[in-house]
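Notes follow once the structure below has been shown.
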Amino acid sequence: MARGVFDLSQTSDVVTWNVMMSGYNRIKKFIESIKLFDEMERKGLLPTSVTLVLVLSACSKLKDLDYGKRVHMYVKECRVEPSLMLENALIDMYAACGKMDLALEIFRNMKTRDVISWTPIVAGFTNVGEVDLARKYFDQMPERDYVSWTAMIDGYIRVNQFKEALALFREMQTSNIKPDEFTMVSVLTACAHLGALELGEWIKTYIDKNKIKNDVYVGNALIDMYFKCGNVEKAQRIFKEMPRIDKFTWTAMILGLAINGHGEEALDMFSEMLKASIAPDEITFIGVLCACTHTGMIDMGRKFFTGMASQHGIEPNVAHYGCLVDLLGRAGHLKDAHEVIKNMPMKPNSIVWSALLGACRVHKDVEMAEMAAKQILELEPENGAVYVLLCNIYAACKRWENLRKLRQLMVDRGIKKTPGCSLIEMSGIVHEFVAGDQSHPQSKEIYSKLDEMTRDLKFAGYSPDTSEISLDVGEEDKETALNRHSEKLAIAFALFSSGSRVTIRIVKNLRMCVDCHRVAKLVSKIYNREETLNLESMVQSSFYFMAGTRNGTDNTSMGHRMKSYSTPHHQNLGAKMKLNALKTSDIWSADLVHSQFKPHRIYS
DNA sequence: GTAGGGTTAG
C-alpha cells in the first residue's frame with residue numbers, strides 16, 4: 001500500500017487515484033480515502049464523478065456530514081454532471097448522517113431513480129427511528145431487491161418490532177427474493193428476541209443448504225439466538241466450529257453463558273478472551289457483571305467493576321452502574337445498592353432505579369421501593385410498569401391502604417398497564433396469551449389442562465403464592481386470578497399440545513410473578529417424577545427461563561431469562577400479527593427457497 | 001475504478 005501511495009504522487013492519472021481510493025474503502029480505511037481526496041485537491045487534480053462517489057461513500061460510513069457537505073458544494077460549484085450514481089451517493093451520505101430532509105431534496109429532484117436511490121431513504125428513516133415513514137417509502141418502491149428487503153427488516157429490529165421483522169421476512173420469501181447473509185443475521189436477531197428457536201433452526205439449515213456465506217456475523221448471530229432460546233449446547237457447538245471469531249463472538253459467549261446460569265464458565269470465557277489478546281469492550285463487561293449477578297458472586301463483581309477502568313481503560317457507563325446495582329440489590333444489599341446510585345458520577349437513569357426497585361420487590365422493602373419508584377416516575381411519568389411493580393410490593397407487604405391510593409392515582413393519571421403476555425412457538429406458529437385469555441380456539445382444553453395441572457401441583461404440596469396479587473380480596477379469588485396468568489395458560493397449552501419430548505419455551509414481555517415461577521419449577525419436577533418415561537427430556541431442558549435456577553441459585557436469578565421486548569398493544573394485533581404466524585414446517589417443505597405459507601391466525 | 005443493508009445489555 002505504501003508503494004501505491006508513492007506511485008500516486010508521481011501520477012496525475014485520476015483513474016489510478018480512484019483505484020487507490022476504492023481500495024481504501026474496501027478495507028474500511030475511510031479516513032485514508034478522504035485524505036486522498038484532500039491531496040488531489042492540493043495537487044489541482046480534477047476528480048471524476050467516480051472519485052466523488054467514492055469519497056461520498058467514505059463520508060457516509062464515517063458519518064462525516066461536514067466533509068460530505070463540502071463534497072456536495074464541490075459538485076454544485078464545479079458543475080459536475082450529476083449522474084444517477086453520484087446522486088445516489090449523495091442521498092446515501094445525507095441519509096447516513098440522519099439528514100433526511102436533505103436526502104429527500106435530492107431524491108425528489110431526480111429525473112430517474114433506481115433501487116439504490118430508494119434503499120438509503122428507507123434505511124435512513126429506520127436509522128432515525130421513523131420506521132413507519134421508512135415503510136411508506138418501502139411500499140412505494142417500484143422494485144425491491146434483497147438489500148432493500150433486508151434494510152426494512154433490519155429497521156423493524158432497530159425499534160424492537162421483531163414480529164414485524166419476521167412477518168416481512170415471510171413476505172420477502174413469498175416475493176421470490178433470495179436472502180443473503182445480511183438478511184440471515186437480521187432474522188436470527190429477531191428469532192433471538194422472540195425465543196423462536198424453531199425458526200432459528202430453520203434459518204441455520206437454510207444457510208447450510210443454500211451455501212449462504214457463513215461469516216463471523218452469521219456465527220455470532222447464531223450463538224446469540226441459541227443462547228437466548230436457552231440452548232447452551234448448540235451455541236457452544238457453533239462457537240467451536242467457527243473458523244474465525246472476533247470480540248463480538250467472545251462477548252456473545254460470555255453474555256449467553258451468564259444469562260443461562262453458567263456464570264463460572266462465562267468468566268472462564270472472559271479469561272480465555274484476554275489470553276487471546278482480544279480487548280474487551282464495554283458490552284463485554286456487561287456480560288461479565290451479568291455473570292457475577294446470576295451466580296451471586298458479589299465480591300467478584302465489584303472487583304471486575306473497579307478493574308474495568310484501572311486494568312482495561314474502560315470507564316463504567318450508566319449501564320454498568322445499573323448492573324452493579326442489580327448485583328448488590330439481588331443479593332439483598334439494598335443499602336449498598338442505593339449508595340452506588342447516590343455516588344455514581346452520572347445522573348442515574350430509569351433503568352438503574354428499576355434495578356433497585358426490582359431488588360426491593362424481591363426483598364420486600366417498601367420504603368426504598370417507594371423512593372425508587374418516585375425517582376423513576378420523575379424521569380418517566382408514563383412508566384406504567386413502575387406503578388404495577390409498586391402495587392405488587394404493597395400487596396406483598398399487605399399495605400392495602402397504600403395500594404388503594406396508588407390504584408386510584410393510576411386511574412386519575414390514566415396510567416395504562418402494559419398487558420403481560422406470554423408467547424410460545426408451537427410447530428412454527430407463535431401463540432400469544434394474555435391473562436385470562438379465552439380467545440384461543442383450544443381455550444376449553446387449556447383451562448381443563450390448567451385445572452388438572454393445579455390439582456397435580458397441590459397434590460405435590462404446592463400452595464399458591466398470592467402475595468403479589470394486588471387485589472384486596474379473599475384468598476380464593478386471588479387464586480383464581482393467579483391461575484389465569486398468561487404464562488400458566490401458555491404452559492397448559494404446551495403440556496397438552498406438544499409431544500412429551502418437546503421442550504417448552506415461553507417468552508414473556510414482563511417479569512414473571514413469583515407464583516408462576518414456582519409453578520413452572522414444580523411442573524417440570526412433578527411431571528418428571530410421575531411420567532419419567534415420557535417427560536424426562538422435556539423436564540431436563542424445559543422452561544428455558546429457569547435455566548438459571550438449575551445451578552443452585554434460586555429465584556433471585558430469574559426474571560433475567562424473561563427477555564423484555566416491546567409487544568405491540570393488543571388492540572393493534574389483528575392485521576399485523578396475522579403475518580406473524582410463521583409456519584416453519586411449511587417453509588421447510590419446499591426446497592427451502594420459495595415456498596408458500598398457509599395463512600394462520602394468531603390468537604391474542 | 002462506481003452507490004444501498006449486518007452482530008453484543010438493561
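Letters A, B, ... are given to chains in the order of the sequence lines, protein chains preceding strands, and every chain is numbered from 1. What you are looking at is a predicted structure, and each value in this text was computed from that prediction instead of being measured.
- Taking the side chain of A:Ala123 as heavy atoms from C-beta on, and the options B:dG5, B:dT8, B:dA3, the nearest nucleotide is B:dG5.
- Between B:dG5, B:dA9, B:dG1, one nucleotide has an atom nearer to the side chain of A:Thr48 than all others, and that is B:dG1.
- Using bins of under 30°, 30° to 60° and over 60° for the plane-to-plane angle, the ring pair A:Phe162/A:His193 lands in the parallel bin.
- Taking atom CG on A:Asp281 and atom P on B:dT8, their separation rounds to 12 Å, with Å as the unit.
- Between the side chain of A:Asp145 and the base of B:dG4, at least one donor-acceptor pair of N or O atoms lies under 3.5 Å.
- Summarising the geometry, the separation between CZ on A:Phe162 and C1' on B:dT7 is reported as 13 Å, rounded to the nearest angstrom.
- One interatomic measurement links the two molecules: NE2 of A:His193 to P of B:dA9, which rounds to 6 Å at whole-angstrom precision.
- There is a side-chain donor-acceptor pair under 3.5 Å between A:Arg135 and A:Tyr156.
- Looking only at side-chain heavy atoms (C-beta outward), A:Tyr67 and A:Val55 come within less than 4.5 Å of each other.
- Counting heavy atoms from C-beta outward, A:Ile223 and A:Thr249 have side chains that approach closer than 4.5 Å.
- You'll find that the side chain of A:Ile351 is closest to B:dG10, out of B:dG10, B:dG5, B:dT8.
- Within residues 212-220 of chain A, the residues having any heavy atom closer than 4.0 Å to DNA chain B are, in order of number, A:Asp215, A:Tyr217, A:Val218, A:Asn220.
- Nearest nucleotide to the side chain of A:Ser148, out of B:dA9, B:dG4, B:dG5: B:dG4.
- Remark: A:Lys228 is in phosphate contact with B:dA9, judged by side-chain N or O atoms under 4.0 Å from OP1 or OP2.
- One interatomic measurement links the two molecules: CZ of A:Phe138 to P of B:dG4, which rounds to 18 Å at whole-angstrom precision.
- Here A:Ala221 lies out of heavy-atom contact (under 4.0 Å) with every strand.
- Of the candidate nucleotides B:dG4, B:dG10, B:dG5, B:dG10 has the atom nearest to the side chain of A:Cys290.
- Between A:Ile283 atom CD1 and B:dT7 atom C1' the separation is 11 Å, expressed in whole Å.
- Within residues 242-258 of chain A, the residues having any heavy atom under 4.0 Å from DNA chain B are, by residue number, A:Phe248, A:Thr251, A:Leu255.
- Among B:dA9, B:dG1, B:dG4, the nucleotide with an atom closest to any side-chain atom of A:Ser22 is B:dG1.
- Of all nucleotides listed (B:dG4, B:dG1, B:dT8), B:dG4 comes nearest to the side chain of A:Asp92.
- Of all nucleotides listed (B:dG1, B:dA3, B:dG4), B:dA3 comes nearest to the side chain of A:Val53.
- Residue A:Glu87 is out of contact with every strand shown, counting any heavy-atom pair closer than 4.0 Å.
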task: Determine, stepwise, if the pair A:Phe182 / A:Trp149 fulfils ring pair (Phe, Tyr, Trp, His ring centres under 6.0 Å).
output: CA-CA 10 Å; A:Phe182 284 69; A:Trp149 281 96; over 10 Å; no
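- Side-chain contact between A:Cys290 and A:Ile259 is present, with heavy atoms from C-beta onward closer than 4.5 Å.
- Listed for the A:Asp215 side chain is no donor-acceptor partner under 3.5 Å among the backbone atoms of A:Glu181.
- Between the side chain of A:Arg113 and the main chain of A:Phe107, a donor-acceptor pair closer than 3.5 Å is present.
- Residue-level contact check: A:Val115 touches the bases, meaning some heavy atom is under 4.0 Å from a base atom.
- Here A:Thr189 lies in heavy-atom contact (under 4.0 Å) with sugar-phosphate atoms only.
- One atom, CZ of A:Arg144, and another, C1' of B:dG4, lie 15 Å apart when rounded to the nearest Å.
- Atom pair A:Met269:CE and B:dT8:P shows a separation of 19 Å (rounding to whole Å applied).
- Side-chain contact annotation: A:Ser57 with A:Ser60, donor-acceptor N/O pair under 3.5 Å absent.
- Using cut-offs of 30° and 60° for the angle between ring planes, the A:Phe37 and A:Tyr74 rings count as perpendicular.
- Between A:Ile121 and A:Met100, the closest heavy-atom pair is O-CE, 3.5 Å.
- Between the P atom of B:dT7 and the CD1 atom of A:Ile203 lies a distance of 16 Å, rounded to the nearest Å.
- For B:dG5, its base sits under 3.5 Å from the side chain of A:Asp180 at one donor and acceptor pair at least.
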